[in-house]
Structure formats: C-alpha cells, structure tokens
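This report refers to the structure that appears directly beneath it.
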Amino acid sequence: MSEPETDPRRYAQAAAVTAARFEVPAVAGDWDTGMLWVVADPARLAELMPLRRGPVQGAAVQGPAAQGPAVRGDGDGDADRSAPGAADLYLGREDLWWPAVEDSASSQAAATADVSATQGPKATPRPKPVSGARSSTAMAAVTVLSRFGGMAAQLLQAAALGSGMLATTFTVGNTLPNMIYFLIIGGALNAVFMPQLVAAMHRDPDGGAAYVDRLLTLVICALSAVTVVATVAAPWIVAVPARHLDPVQRALAVSFARYCMPQIFFYGVFAVVGQVLGARGRFGAAAWAPVANNVVVVAVFAGFIAVGGGLGQGSDHEPVLSAAQTMAIGVGTTVGVVVQALVVVWFLIGSGVRFRPRFDWRGAGLGQAGSLAKWTLAYMLVGQAVNILVMSLAAGVDQAHPDAGVGYAAYSKAQQIWILPQSVITVSLLTMLLPRMSRAAADDDPAGVRDDLSLGLRVSGAAIVPCAFAFLALGPQFAAVLFGYGHTTVPQTHGIGYMLAASGLGLIPFSAQYVILRGFYAFGDTRTPFTIGLITGAVNAAIAITASATLGGTRWPVVVMAGGTGLSSAVGLAWSIRRLRPRLAGSPAARPGQGVWRVYRRLLLAAAVAAAVGYAAAQDVGALAGGERRGSLLAAAAGGSALVVVYVLAAKALRVTEVDHLTRRVRSRVMGLIPRTG
C-alpha cells in the first residue's frame with residue numbers, strides 16, 4: 001500500500017482537490033472563480049499542462065504530444081513543441097522556475113522504467129478521451145455567465161444609487177454578512193471540510209452518508225445561531241466600519257444590514273451543499289445557482305430604476321431612500337441568495353441524498369476537521385480585520401466628500417473590476433493544476449509541484465500582465481464606460497478609475513501570490529499561509545492608516561489604499577517564495593532558475609510599451625471626440641485596441657511562447673464562430 005493511502009490527512013487532501021475539479025464559488029457576484037471560455041475552456045486547458053514523467057502520473061503518454069518526438073526550444077522562454085499538429089504547450093525542465101532535483105538523464109531513465117513496468121514493451125500511447133469536453137465547455141460558459149451577471153448587477157446598482165455616500169451605506173450593510181460568513185465558517189467549509197468529506201466517502205462503509213448528515217446538521221445549527229446573533233447585533237456590528245458616518249447614514253446602513261444578515265445562513269447552506277455535490281462529482285448546481293441569484297438582483301435594481309428609482313432629498317439636500325425603498329433593495333438582494341441556496345438544495349435532493357439530522361457529533365471525525373480549520377480561521381480573521389479597517393477609513397472619506405465618489409463604494413467597484421482577470425484566468429488555471437499538484441505532494445514528488453507552479457505562473461502571467469498595465473493606463477476610461485450611468489456622475493467614475501489605475505500593477509504580484517499559496521495548500525499546509533497573511537495584512541493596514549493620516553481631508557486617501565493592496569501582495573509574494581523554495585528545490589543549496597523571471601521580464605517590457613501607446617491613443621481620441629461619456633467610450637476602445645495589438649506584436653518579437661499560444665487559441669475560437677459556407 002502506498003504512503004498516501006496510509007496517511008489519512010495526505011490522502012484526504014489529494015482526494016479532495018481531485019474531486020473539486022471546479023471550485024465552488026462561495027458568494028454570488030464575487031470574482032473568486034470563473035473561466036473565460038473564449039480564451040481557453042477546461043478541456044483545452046489540460047493541453048497547456050506539460051506531461052509529467054514521474055511516480056505521480058506515470059509516463060508522459062497522454063494526449064497528442066506523446067505521439068511524436070519532441071523538438072526542444074532554446075530554453076529561453078520558448079516552450080518545447082511536440083510533433084507537427086500537436087497543440088500542446090510543453091515546457092522543458094531547464095525552463096522551469098526551480099532547477100530539477102534530478103538531471104534529465106535520470107528523469108528519462110525513470111520514465112523509461114515506468115513505461116516498461118506499467119505498460120509492457122508493446123504498449124502504445126492512446127489519445128486522451130474527449131468525452132467530457134462538451135460538458136467542460138458548458139461548465140465554463142455557465143461560470144462566465146455568472147461572472148458577467150454579477151457585473152451587470154453591480155452596474156445597475158451604480159446606476160440606481162450612484163457612487164457616493166448613499167451607495168456606501170448599502171455596500172457596508174450588504175458586505176458585512178459576507179464578511180461574517182467567511183470569518184465564522186466560510187473558510188473552514190471551503191478549505192477543510194471538503195477534504196474530510198471526500199476522505200469519509202472513500203473510507204466509510206456507507207459512502208460518507210452519516211458524515212454528510214452530521215456535517216449538514218452541525219453547519220445548519222451553527223449558521224442559525226450566527227445569523228440570529230448577527231441580526232440582533234447589527235447596530236453594534238455596523239458601528240465599527242461606519243463610525244465615521246453621521247447618525248442618519250449609520251441608521252440607514254443598519255437597516256440594510258438587518259435586511260441582509262439572513263444571507264449568512266443561506267450563503268452557508270449554498271456552500272456546504274455545494275461541497276457535498278462537488279464531492280459526488282456534481283458541479284452543475286454550484287455553477288448555475290449564482291446565475292439565478294444574479295437574475296434576481298438584476299431584476300431588483302432594474303425594477304427600482306424603472307418604477308421607484310427616484311431618490312429623495314434630505315434636509316441637507318443629500319439623496320436619501322424611503323423606508324419602502326430600503327426594504328425593497330435589502331430584501332431583494334437577500335431573496336437572490338435564498339434562491340441560490342434553494343437551487344443547490346433541489347439538486348441535492350435530485351442526486352439521491354436523503355438528509356436526516358444527526359447530533360451525534362462526538363467521535364465522528366468533525367473534531368479533526370475543526371483542528372485543521374484553526375489556521376484557516378485565523379487567516380480569514382486577519383483578512384477581514386484589514387477589510388473592516390479599510391471600510392471604516394474609506395467611509396470616513398465619503399463623509400468628508402459625500403458627492404465626490406472617492407470613498408468605500410468607489411473602492412468596492414474598482415476592486416470588482418480589478419479582480420476580474422484574476423478570477424477568469426488565474427483561478428481557472430489553478431483549478432485545473434491543483435489536483436495534479438496535490439497528488440504530486442501526496443506522492444512525495446516536489447519536482448511535480450514545482451513544475452506545475454512554474455506553468456501556472458507563466459501561463460497566467462501572459463494574460464494578467466497586460467490587464468494590469470491596461471488598468472494603469474486606461475482606468476478612468478474603463479470606469480466611465482462601465483459605471484457612468486444613472487445617478488453615477490462622470491466625476492464619480494473618475495474616482496473609481498483613479499483607484500483602478502492605482503491598483504493596476506498590483507494585480508501582477510497578487511495573482512502570482514495566489515499561485516504560490518496553492519503550493520502550500522497542495523502540501524496540506526495551512527499554517528504558513530496564515531503567517532504570510534499576517535505580513536500582507538500588516539503592510540496593507542499600515543498603508544491605509546498612513547494614507548488616512550497624511551492625506552485626510554483630500555480626495556486621495558482611498559486611491560492610496562487601493563495601491564496598497566498591490567504593494568502588500570508584492571511583500572507577501574517575496575516571503576511566500578522564500579518559504580516555499582526549500583520545500584520544492586529538494587536541497588537548501590539549490591538556487592532558483594531564471595525561467596519564470598525571464599518570461600516575466602519580457603511580459604513586463606511588452607506590456608509597458610503597449611500601455612504607453614494605448615494611453616497616448618486614448619488621450620488623443622478622447623480629446624478629438626469631445627463629450628465626456630462619448631469621449632470616454634471612444635478613448636477606451638481606441639486605447640484598449642492599441643494596447644492589445646502592440647502587446648501581441650511586442651511579445652511575438654520578444655519570443656514569448658505563452659502569449660503566442662494564447663493568441664492562437666483566441667484566433668481559433670473566433671474562426672470557429674464564423675459559419676462555413678460551400
């Protein structure tokens with residue numbers, strides 16, 4: 001029996017990530033997962049992964065790349081290519097981030113022995129089955145539909161409430177339930193109970209049915225208690241982030257919070273039921289449920305604008321909401337979360353699971369899951385504490401400039417745009433890579449984990465780097481195009497745009513750190529990410545406090561806070577690499593190679609040149625077009641188009657293979673949409 005089968009914790013981790021091929025989004029409308037299928041669907045993402053020769057996956061015999069001899073690139077950012085006609089991107093060992101533990105000769109010998117031992121002398125490579133391609137593409141399309149549905153809801157919210165103080169009161173009231181859910185139970189559900197659930201399904205004679213009953217019972221009881229306490233304590237909870245608001249605004253935020261606090265319960269139901277379905281190989285419900293939520297929220301804000309969207313004027317001539325309008329928005333957004341939870345419950349019943357409440361929790365293995373969850377809970381606590389600090393300080397800026405749109409509501413909208421590339425690119429790619437990484441870690445193959453981390457950094461960077469520079473160069477134009485409608489004025493969109501531009505380059509270290517942290521999770525290590533979270537949280541908090549103290553009374557503190565997210569991520573990335581490197585290199589004396597950094601140098605150079613050209617084009621077109629909204633639209637189109645074209649040409653001139661592969665995938669997708677004639 002192999003080591004992973006004798007070690008329950010390592011087996012649970014490997015089995016969990018294998019089952020959770022698609023991550024379950026914990027909150028509807030957030031940007032924590034997704035897939036931009038026009039670039040790469042899940043079935044095709046597998047072709048981006050280099051075939052590994054080692055004890056985890058056996059010999060590299062899957063897919064078309066194994067059918068012909070490999071032609072080695074120059075080892076300078078160009079991936080090795082297989083025989084003509086193969087579409088796989090195959091990265092050579094010498095181009096990986098860390099040097100190989102074994103030399104290429106010993107690796108080849110091990111691969112040859114593996115083939116001989118497992119397949120025999122007459123074994124021939126077989127093409128990878130493609131029966132799941134259609135369902136994978138459908139899953140990706142649904143996920144993207146969910147992401148864009150959430151974006152549509154945010155745009156309608158901005159049109160209905162603007163981007164000033166009124167929007168901040170709603171954002172505070174609607175965000176707090178999410179934060180409380182993640183803090184109390186969300187992190188444990190997503191990071192700990194899923195592995196234990198999969199392990200129980202493999203270990204218990206009943207296939208984990210009793211464990212599921214106990215887990216659902218425990219979570220429902222905990223969620224009910226937390227929801228009741230949070231609803232009753234809403235005034236005291238809101239007082240922390242909203243201490244800078246005046247009494248009327250704070251009362252409005254409390255009203256929104258009380259209407260939205262029941263979301264805690266339904267978020268938890270959605271998450272835990274989604275985990276149960278995911279462990280059983282059913283991922284459709286978790287993908288479709290947020291779409292239903294978005295439909296409800298879009299209907300709520302569209303109806304508000306069409307029927308009752310007129311904002312009243314208070315005694316100080318500031319826009320206000322009536323009690324009926326407040327209830328309609330608060331209850332409507334909560335109904336969306338209720339519908340989301342009901343969708344997954346309906347799918348759970350259809351899957352044959354018959355839930356029976358069980359309160360015999362002692363000795364059922366839940367204590368072990370709780371022990372593993374402590375570091376995840378501590379990590380969430382640090383992150384949410386920083387979020388509350390930023391929320392409070394940004395709300396104070398709203399109080400000083402109620403109509404400028406430079407406070408927390410604007411910050412929240414800028415963050416939602418900023419995180420989108422991370423969600424549709426990096427998270428999707430790591431969703432495919434994490435099962436391999438965890439199986440490699442469980443089989444004591446650090447070289448396999450290292451190779452996949454390198455691949456994730458390089459492939460995601462090819463798309464993340466230009467997006468980051470696009471935000472830097474065209475942030476105000478993008479914000480005006482997306483949010484410049486209804487009660488959101490053009491000057492308010494500029495505030496959102498400046499925050500987007502300030503945080504733009506920070507997307508690069510933020511995305512890279514996300515990849516590196518998955519290396520720790522592959523090894524089942526949750527304590528080290530907590531220490532890294534402490535470092536990033538401390539840096540982020542220090543920047544926010546310093547900005548508020550030195551720039552207080554101006555319009556710029558929150559812009560600096562937005563930039564602080566990227567700076568703190570850069571510090572956390574450096575520390576993450578330092579902590580993970582010895583575990584992957586195999587020897588403390590080994591030093592990292594230059595493969596990933598070489599690719600990123602070229603990506604940064606190509607994106608910087610493209611951003612300069614795009615910025616110049618946007619400024620010229622905007623000046624010629626005239627009209628603020630029309631000019632912003634034309635400027636964003638011209639600047640974005642110029643940036644993309646110059647980036648692709650520059651990357652091609654610099655021989656960045658990852659960008660070349662990405663453009664070929666986009667081109668093939670576009671050509672596939674054109675109907676054939678004749």
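Source: prediction; values computed, not measured.
The two residues V344 and V273 come nearest to each other via the heavy atoms O-CG1, 3.5 Å. Nearest heavy-atom pair, T333 versus N174, reported as atom, atom and distance to 0.1 Å: OG1-OD1, 4.1 Å. The heavy-atom pair separating A160 from F301 by the smallest distance is CB-CD2, 4.0 Å. Scanning both residues, P421 and I417, for their nearest heavy atoms gives CD-O, 3.6 Å.
Using cut-offs of 30° and 60° for the angle between ring planes, the F256 and F170 rings count as perpendicular. Taking the six-membered ring for Trp and thresholds of 30 and 60 degrees, Y498 and W556 have ring planes inclined between 30 and 60 degrees apart.
At a threshold of 4.5 Å between non-hydrogen side-chain atoms, the residues Q157 and K413 count as touching. A heavy-atom distance below 4.5 Å is not found between the side chains of L482 and Q154.
Note that R518 lies in the cation-pi zone of Y514, set by a 6.0 Å cut-off to the ring centre and a 45° limit from the axis.
Under a 3.5 Å cut-off, the side chain of S412 and the backbone N or O of Y408 do not form any donor-acceptor pair. Under a 3.5 Å cut-off, the side chain of S392 and the backbone N or O of L389 do not form any donor-acceptor pair. Under a 3.5 Å cut-off, the side chain of S576 and the backbone N or O of G572 do form a donor-acceptor pair.
Inspection of the T326 and S255 side chains reveals no N or O donor paired with an N or O acceptor under 3.5 Å. With 3.5 Å as the limit, one finds no donor-acceptor pair spanning the side chains of Q249 and T169. The closest side-chain donor-acceptor pair between D525 and T528 falls under 3.5 angstrom.
Residue F483 holds its CZ atom at 5.5 Å from CD1 of I496, rounded to the nearest 0.5 Å.
Taking the centre of each ring, F347 and W288 stay at or above the 6.0 Å mark.
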